[in-house]
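In what follows, a structure is listed as C-alpha cells, so that the remarks can point back to it.
Throughout, a chain's letter reflects where its sequence line sits, starting with A, and its residues are numbered from 1. Computation of the quantities below employed the complete heavy-atom set of this structure, encompassing side-chain atoms and omitting hydrogens, waters and symmetry-equivalent molecules.
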There are 2 protein chains.
Amino acid sequence: MLHCDLVSYIRLDWTVWRRWRIKRTIPPSQIVAMSASSSRPAAELPGRQPLYAQVRERIVQGIEQGEWDAGEALPSEFELADRFGVSQGTVRKGLDSLVGEGVLLRRQGLGTFIAQVDDDWGKAELPGVERALDTSLELLACARGNAGEEAAAALGLRRGMALLTVKRLVRVGGEPFAVIESYVAADRFDGLDARRIKQANCNLRTVWWREFGLRVVSSSPQFRAGVAGREEARLLGVDVDSPLLEVARIAGGLTSAPVEWSVLRCRTDRYVYRV
Amino acid sequence: MLHCDLVSYIRLDWTVWRRWRIKRTIPPSQIVAMSASSSRPAAELPGRQPLYAQVRERIVQGIEQGEWDAGEALPSEFELADRFGVSQGTVRKGLDSLVGEGVLLRRQGLGTFIAQVDDDWGKAELPGVERALDTSLELLACARGNAGEEAAAALGLRRGMALLTVKRLVRVGGEPFAVIESYVAADRFDGLDARRIKQANCNLRTVWWREFGLRVVSSSPQFRAGVAGREEARLLGVDVDSPLLEVARIAGGLTSAPVEWSVLRCRTDRYVYRV
DNA sequence: CAGTGGTCTAGACCACGAC
DNA sequence: TCGTGGTCTAGACCACTGT
C-alpha cells in the first residue's frame with residue numbers, strides 16, 4: 001500500500017494526489033455532492049446562494065450540532081471539498097468568513113480548528129498604551145428574576161418573563177474594574193447555576209457552548225455614559241455618582257435569535273476601554 | 001475593427017477575449033510585470049510578500065499619489081491584472097482588503113470606485129432601535145495652539161509643538177449631541193482655515209483628501225466616561241458635571257504615521273452611541 | 001517527509017447595469 | 001450589446017509543522 005502510494009505520488013501532482021487519497025480513505029457515503037453538475041455549478045442550485053456561502057452554512061450547522069468540539073480540528077480543506085463536491089478554493093472562501101469572525105482558527109501546516117469561545121469583552125488599556133492588561137472574572141451572583149423593559153426588548157421577550165441574571169466582577173491587575181450584568185431567558189438555559197459558571201472560569205460563552213451546545217456571537221456594542229449607583233460604587237471602589245462607562249450588547253447564535261443581553265459598567269479613571 | 005472583434009469573440013472564451021482586448025488597447029509601456037516568471041511567481045519576488053499584498057500596495061500608492069479622485073473608477077480587474085502581470089483572481093484578492101476597509105467600493109456591472117471619504121464617527125441611535133439618525137456638523141472654531149500631553153503622545157510630537165485645533169458640534173435631529181475636538185500638526189496642514197473646512201461640510205477627512213492629498217483611516221477608538229465642563233455643558237445643553245461619553249482615536253494615512261488626534265464628547269441621556 | 005494551510009494561474013461562465 | 005464585478009474549477013507549487 002505504501003509503496004503503491006509513493007509510486008503514484010511521483011507521477012501525480014500534489015493536488016491530484018491529495019484528492020485521490022481522500023477519495024480512497026473516506027467512505028463514499030459521506031461524499032454528498034452539493035452541485036448538480038460539475039461544469040456550471042452555481043446557477044442550478046436550490047438555495048440560489050453561492051457555493052461558498054453554502055459551504056459556510058454547512059460548517060455552521062456542523063458546529064451547532066456539536067460535530068466538532070472547541071479546539072478540535074476540522075477535516076482538511078481538501079477533504080471538505082470532496083465531501084461537499086466543490087473545489088478547495090471554494091471551501092477556503094467559505095471558511096474565510098468564519099475565520100474572520102473568530103469562529104475558526106487556521107494554523108498553517110496544522111489545520112483549521114474550532115476556536116475556543118470566551119466572553120470577549122473589550123480590553124482595558126493604559127491611556128496611550130496599546131498593550132492589553134490581564135483581566136480576571138469573579139462571579140458575584142446568579143439568580144432568577146423577571147425581564148425588565150430593556151432586557152425584554154433586546155431579547156424579544158414579553159415583560160415579566162422569567163430571566164436569569166448573572167452578575168460578575170472584572171478585575172484588571174487585581175483591582176476591580178467593571179461589573180457585568182447578563183440576562184438570559186430562564187427556560188432556554190434550564191439548570192444553569194453558580195457551580196457550572198465557576199467551572200467555566202466565569203466565562204458565560206463557555207457555559208453556553210459546553211452545557212447547552214450554543215455557539216454565540218455578539219452584535220456591535222452600544223455605549224453610554226452613566227453614573228455609579230450604590231452597589232457599583234461599593235464594588236468598584238469609586239464614589240457614588242461618579243461617571244461610569246456603560247457598554248451594552250446583544251448576543252445570539254450563529255444563525256438563531258438573540259439569547260443574551262449584557263451590560264458592562266466600568267470605571268475609566270485609570271484605564272481606557274477599547275473594543 | 002468591430003467585425004474582426006466579433007469574429008474573434010465567437011471563437012474565444014470571454015476571459016481570453018477580455019485579456020486580448022486589453023493587450024491591444026493599452027500601451028505596452030504601462031504593462032509592468034510584477035513577477036519574474038509566469039509559472040512560479042511568489043517565490044522569486046524581492047519584497048517577499050504575496051502578490052496580492054503587492055497589488056494592494058500598488059493601489060494604495062496610486063490612491064495616495066492622487067492617481068484617481070474620490071468617486072472615480074479604477075481600471076477594471078482584468079486591466080489591472082494585465083498591468084501588474086498577475087491574474088484577475090490575484091487582483092481581486094488584493095482589492096478585497098481595501099474594499100473591506102471601506103477605501104474602495106465595488107459595484108457589480110459598473111466597476112470599482114474610490115470611496116468618498118468622511119469623518120465616519122459612530123452613529124447615534126435611540127436605545128433598542130438599530131436605525132441610525134441623521135446628523136449634521138457645525139464648525140465652532142479653528143485655531144492654533146500648542147500640543148498638550150495627550151495629543152503630543154498620540155501624534156508622536158514634542159510637547160509645545162504647534163498644533164491646529166478644530167472644534168465642531170454634532171447635531172442629531174437638529175439637537176446638539178456631541179462636541180468633537182481634533183488636533184493636527186500645524187506644519188503638515190499649512191493654510192488650513194475655517195473657510196476650507198466649511199467648504200467640505202465641516203468634514204475634516206474630505207479636507208485632508210481634497211486639499212492635502214491625504215487618505216486617512218482611523219485606529220479603533222478608546223472609550224471613557226467623563227463629565228461635562230462649563231463649555232460643553234453650554235454647547236450641549238446639559239448640566240455641568242453631568243456624565244459624557246468620550247471617544248478618542250488616532251487617524252493616519254494608509255501607510256504613513258498618525259496625523260490626527262480626535263476626541264468626541266457626547267451626551268447619552270437620549271441616544272446611545274454605536275461604532 | 002507527509003499533510004496541512006496559503007498562493008497563484010488560466011479558463012470558464014453568471015449577474016448586473018448602462019447604453 | 002458589452003463591459004464590469006462575482007463565482008468556480010483544476011492544477012500547480014510554496015511554507016509551515018509535527019513526527
Within the pair [X] and [N], is there a side-chain N or O less than 4.0 Å away from OP1 or OP2?
X        : N     : result
B:Tyr52  : C:dC8 : no
A:Arg106 : C:dT4 : no
B:Arg92  : D:dG6 : yes
B:Thr112 : D:dG5 : yes

Measure from the side-chain heavy atoms of [X] and tell me the nearest of [options].
X        : options               : answer
B:Leu110 : C:dA18, C:dT9, D:dG18 : C:dA18
B:Ser76  : D:dT4, D:dC8, C:dA10  : D:dT4
B:Pro50  : D:dT9, C:dT9, C:dT7   : C:dT7
B:Lys93  : C:dC8, C:dT7, C:dG17  : C:dT7
A:Gln88  : C:dT9, C:dG6, D:dT7   : C:dG6
B:Gln108 : C:dG6, D:dT9, C:dA15  : C:dA15

Run the salt-bridge test on [X] and [Y] with the 4.0 Å N-O cut-off and return the result as yes or no.
X        : Y        : result
A:Asp96  : A:Arg56  : no
A:Glu101 : A:Arg215 : no
A:Glu67  : A:Arg58  : no

[X] [atom1] to [N] [atom2]: how many Å, rounded?
X        : N      : atom1 : atom2 : result
A:Glu79  : C:dG5  : CD    : P     : 10 Å
B:Arg107 : D:dG3  : CZ    : P     : 19 Å
B:Phe78  : C:dC13 : CZ    : C1'   : 11 Å
A:Leu80  : C:dG3  : CG    : P     : 17 Å
A:Gln49  : C:dA15 : CD    : C1'   : 15 Å
A:Glu77  : C:dG6  : CD    : C1'   : 8 Å
A:Leu95  : C:dT4  : CG    : C1'   : 13 Å
A:Asp82  : D:dG11 : CG    : P     : 12 Å

Nearest-nucleotide 5' precedence on DNA chain C, B:Gly89 against A:Asp96: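 The 5'-side residue here is A:Asp96.
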Applying salt bridge (Lys or Arg N to Asp or Glu O under 4.0 Å), run through A:Arg205 and A:Asp120 and close with a yes or a no. CA-CA 9 Å; A:Arg205 305 225 166 160; A:Asp120 188 31; 5.9 Å; no
So what does A:Gly111 touch, heavy atoms closer than 4.0 Å: a base, only the sugar-phosphate, or nothing?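 The residue A:Gly111 makes sugar-phosphate contact but no base contact.
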Verify the distance criterion only: is there a donor paired with an acceptor across the side chains of A:Gln88 and A:Thr90 at less than 3.5 Å?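 A:Gln88 vs A:Thr90: no donor-acceptor pair found between side chains.
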